[in-house]
K.L.:
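Here it is, the structure in full.
Values in this document were obtained by computation on a predicted structure and should not be read as measured data. What's counted below: heavy atoms across the whole structure, side chains too, no hydrogens, waters or symmetry copies. Here is how names work: the chains are called A, B, and so on, in the same order as the sequence lines, proteins then strands, and each is numbered from 1.
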There are 2 protein chains.
Amino acid sequence: MQKSPLAPTSPADLLAVPGLRLATGHSGIKYKNRDDLMLMCFDHPVAVGAVMTRSRTASAPVDWCRQVIHQGGMATAILCNAGNANAFTGAAGHDAVRRCADAVAGAMGTDPQTIMLASTGVIGEVLPDDKIIPHLAPMVAAANPDVSNWHAAADAIRTTDTFAKAASRKTRIGDTDITITGIAKGSGMIAPDMATMLGFLATDADLPPKVLQDVLVRVNEESFNAITVDGDTSTSDTVILAATGAAEHIAITSADDAHLSDFVHALREVMTELAILIVKDGEGASKLITVQVHGAENDAAARRIAFAIGNSPLVKTAIAGEDANWGRIVMAVGKSGEMVDRDQLDISIGGILITSNGMRRPDYDETEVTAHMKGDQITIQVNINIGSGQATIWTCDLTQQYIIINADYRS
Amino acid sequence: MQKSPLAPTSPADLLAVPGLRLATGHSGIKYKNRDDLMLMCFDHPVAVGAVMTRSRTASAPVDWCRQVIHQGGMATAILCNAGNANAFTGAAGHDAVRRCADAVAGAMGTDPQTIMLASTGVIGEVLPDDKIIPHLAPMVAAANPDVSNWHAAADAIRTTDTFAKAASRKTRIGDTDITITGIAKGSGMIAPDMATMLGFLATDADLPPKVLQDVLVRVNEESFNAITVDGDTSTSDTVILAATGAAEHIAITSADDAHLSDFVHALREVMTELAILIVKDGEGASKLITVQVHGAENDAAARRIAFAIGNSPLVKTAIAGEDANWGRIVMAVGKSGEMVDRDQLDISIGGILITSNGMRRPDYDETEVTAHMKGDQITIQVNINIGSGQATIWTCDLTQQYIIINADYRS
């Protein structure tokens, strides 16, 4: 697969996170010439938060992780494999998950109920865990804190991704320096409610599971849940945030603690950067599209209008064709079903206001917008002009390459 | 534009409807070498029912038609133009509509408030009614009841349609023979709530506006509102059913009258036939897909699950690639958000049961399904196995041709 034209030109500058070790491995289940296993081991049981797919046909590892979180949110390892989603695999799928957790816990001397698991890839094939398990004890032994392992991990979790996705930030809690590093994968079946995407984030902050969970849910809404490639939602989406507690700082007992605001800001930066990288690797993407809606009835309405635009095949194909077809944006706003006064709608592309009073502005000159359409970063702004609700989402254009990739993914 | 591979091989066998006259004309607004105007004149004011887009950014003619229906639903003519939707055109668009209605009514000697109008095509350009109005009086004069005009009308209302869509049925009300004939257009921006589609249906039955409206809404739900090409909803959708009253039959005062059941059945046949023709002309379509869901919590849930499948780009591209990728159907059912028990789900393609007990059946042999995928009529059946709700919808595959058509429609 050719690398996305929107891929970063140089690898991310990553920071190691004290309190964890990483290893990668090669099961060969689907990918023959690269690692496809990632293991993150913690020096002791650490707090984790997790957000998972809302799909009603969630995968076996998603069910398993929900249980770990439900039991208190303490983990000793995260195992991920690429190439097989272990979704819609019935009791056999659950057995495969349990055996993998047993194997990691056995090698680490910990409780299987503290092993988080994530799988992505083909749906409906039972995970051949016999190809994974022999690698797990060696991976536990090999895991080490070197920052180069984060790059290897970002590579190993890819499926149809054409580049690895990783980001780091330094921040502070009180007077203490804190690191946040994360990796993610995903390029198709990407939609709000998280689609086939995985994200693994770690920090050396010392935060209780409840605080981690609250922060993660909140930041997730504005990052991973604010992107769409094709409106499809996967059975496997999982974002995990682990706090190793290796840093010593003032005690935090609530997600609303003012001392946490720098941390939340940095986490939002990491997660938004990863989310946008996923859109930039959207199957067939040639342009990144930012949709900003404001003046809606409320934030939820703004979000639904933004997604009506971002998921519209007609808007996305027009952008692929570099056509400033703002009429399709009008159509998409209309189909959202949200409160809209057609005659109050302001639509801008690339910062150029196109409409007023329910029609094209008399002085509208397409030249500048057409020039903007030829770039690879397209901005659509819509002011509904009836309230104060706002939302920003990211998507990509819909190209012939999307069809080519998805018409024969399995074969 | 090349004709859809799913186009009928011979023109429909149409029946004239007593009580109306048809004419077509050429405005040249967008299409240079074919008629783009359609006028249906009634011998006297007749009852009409109408269903229109739920878009919040509806076009000027949609606003106008709503008013005609609101004022009692009596019409003397229906005018349609292709190539310009007169949508998002503000006050200037409304003025253009009014001038067209005035011109038709003036030529016929009737009230402008009894002229129904419909426009489709590019959004955001004010309708240049000066190119239409000179043709209207000659069209009123030329209109005649000959059945060949139905074929010409079906041709004139097309935009990106690659073939004309028309259907007729004979039926009975009491002892009286009744005719129903209809034409439709649409090939992209097709979704439930009717997308860019127009349908004009006429019958010589003698039914009051309220009865017509009730019958139309009900039948529309299972026909034009049960199709999707791309999930996009247009600003212009309009379906009009006119009853000329030329046939003399027992009086009908309610849509629930048992004497109306044959008529409703025939109307459903005409409208479903037209709806499926629209899907067969779906932009870039190479396969017609029928999605049948049963065993859902209720009919509405079944419908939402069916559309989650029918609108999924991943399901539609897999079918374009003739890939029996049933895992994507699992994904789509899961994302519907409806009540589903993953382990109870039965999925069949081409009548072959693939899943049981939350996984692929042990004896599943892909050979027969793969053969079915190579045909041009694909059937997906899903049994949710938790209730008695059911729904059938139609869609088409998503091909490279869809992108090619939509990436440069305006130019």
K.L.:
A/Leu345, A/Asp343, A/Val333: which one forms the most heavy-atom pairs within less than 4.5 Å of chain B?
P.N.:
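Of the candidates given, the most pairs with chain B belong to A/Leu345.
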
K.L.:
Name the region of A/Ile354, side chain, backbone, both or neither, that has any atom closer than 4.5 Å to a heavy atom of chain B.
P.N.:
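The answer is neither part of A/Ile354.
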
K.L.:
Using heavy-atom distances under 4.5 Å, tell me whether B/Thr399 contacts chain A through its side chain, its backbone, both, or neither.
P.N.:
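Interface part for B/Thr399: backbone (N, CA, C, O).
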
K.L.:
On a heavy-atom basis, which atom in A/Gln400 and which in B/Ile403 lie closest, and how many Å separate them?
P.N.:
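In this case the closest contact between A/Gln400 and B/Ile403 is N-CG2, 3.5 Å.
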
K.L.:
With sequence neighbours excluded, tell me which residues meet side-chain hydrogen bond (donor to acceptor under 3.5 Å, both in side chains) with A/Arg66.
P.N.:
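Applying side-chain hydrogen bond (donor to acceptor under 3.5 Å, both in side chains) to A/Arg66 gives none.
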
K.L.:
Report the distance from atom CE of A/Met331 to atom CZ of B/Arg56, rounding to the nearest 0.5 Å.
P.N.:
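If we round to the nearest 0.5 Å, A/Met331:CE and B/Arg56:CZ are 16.0 Å apart.
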
K.L.:
What residue in A/Val330, A/Ile319, A/Val340 has the most heavy-atom pairs under 4.5 Å with chain B?
P.N.:
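The candidate making the most pairs under 4.5 Å is A/Val330.
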
K.L.:
Under 3.5 Å, is there a donor-acceptor pair between the side chain of B/Arg342 and the main chain of A/Ala58?
P.N.:
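Pair found, side chain donor or acceptor close to backbone of A/Ala58.
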
K.L.:
Rounded at 0.5 Å granularity, tell me how far CD1 in A/Ile123 sits from CG in B/Leu314.
P.N.:
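Reported to 0.5 Å precision, the distance equals 9.0 Å.
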
K.L.:
Please determine, among A/Gly124, A/Gly93, A/Ala320, the option with the most heavy-atom pairs under 4.5 Å with chain B.
P.N.:
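Winner by heavy-atom pair count: A/Gly124.
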
K.L.:
With A/Asn385, which residues qualify under side-chain hydrogen bond (donor to acceptor under 3.5 Å, both in side chains), at least two apart?
P.N.:
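If we apply the side-chain hydrogen bond (donor to acceptor under 3.5 Å, both in side chains) test to A/Asn385, skipping adjacent residues, the hits are A/Asp346, A/Asn383.
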
K.L.:
Restricting to non-hydrogen atoms, name the atom on A/Pro313 and the atom on B/Tyr402 that form the minimum distance, rounded to 0.1 Å.
P.N.:
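Nearest heavy atoms, A/Pro313 then B/Tyr402: CB-OH, 3.4 Å.
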
K.L.:
I'd like to verify something: which residue of B/Asn357, B/Val126, B/Asp341, B/Thr355 has the highest number of heavy-atom pairs under 4.5 Å with chain A?
P.N.:
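Answer, by heavy-atom pair count under 4.5 Å with chain A: B/Thr355.
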
K.L.:
Non-hydrogen atoms of chain B under 4.5 Å away: do they reach the side chain of A/Ser336, the backbone, both or neither?
P.N.:
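Neither part; nothing is under 4.5 Å.
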
K.L.:
Check each atom of B/Glu338 against the heavy atoms of chain A and say whether the ones under 4.5 Å are side chain, backbone, both or neither.
P.N.:
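When you check distances to chain A, only backbone atoms of B/Glu338 fall under 4.5 Å.
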
K.L.:
How close do A/Ala92 and B/Met359 get, counting heavy atoms only, and between which atoms?
P.N.:
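Taking A/Ala92 first and B/Met359 second, the nearest heavy atoms are CB-CE, 4.2 Å.
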
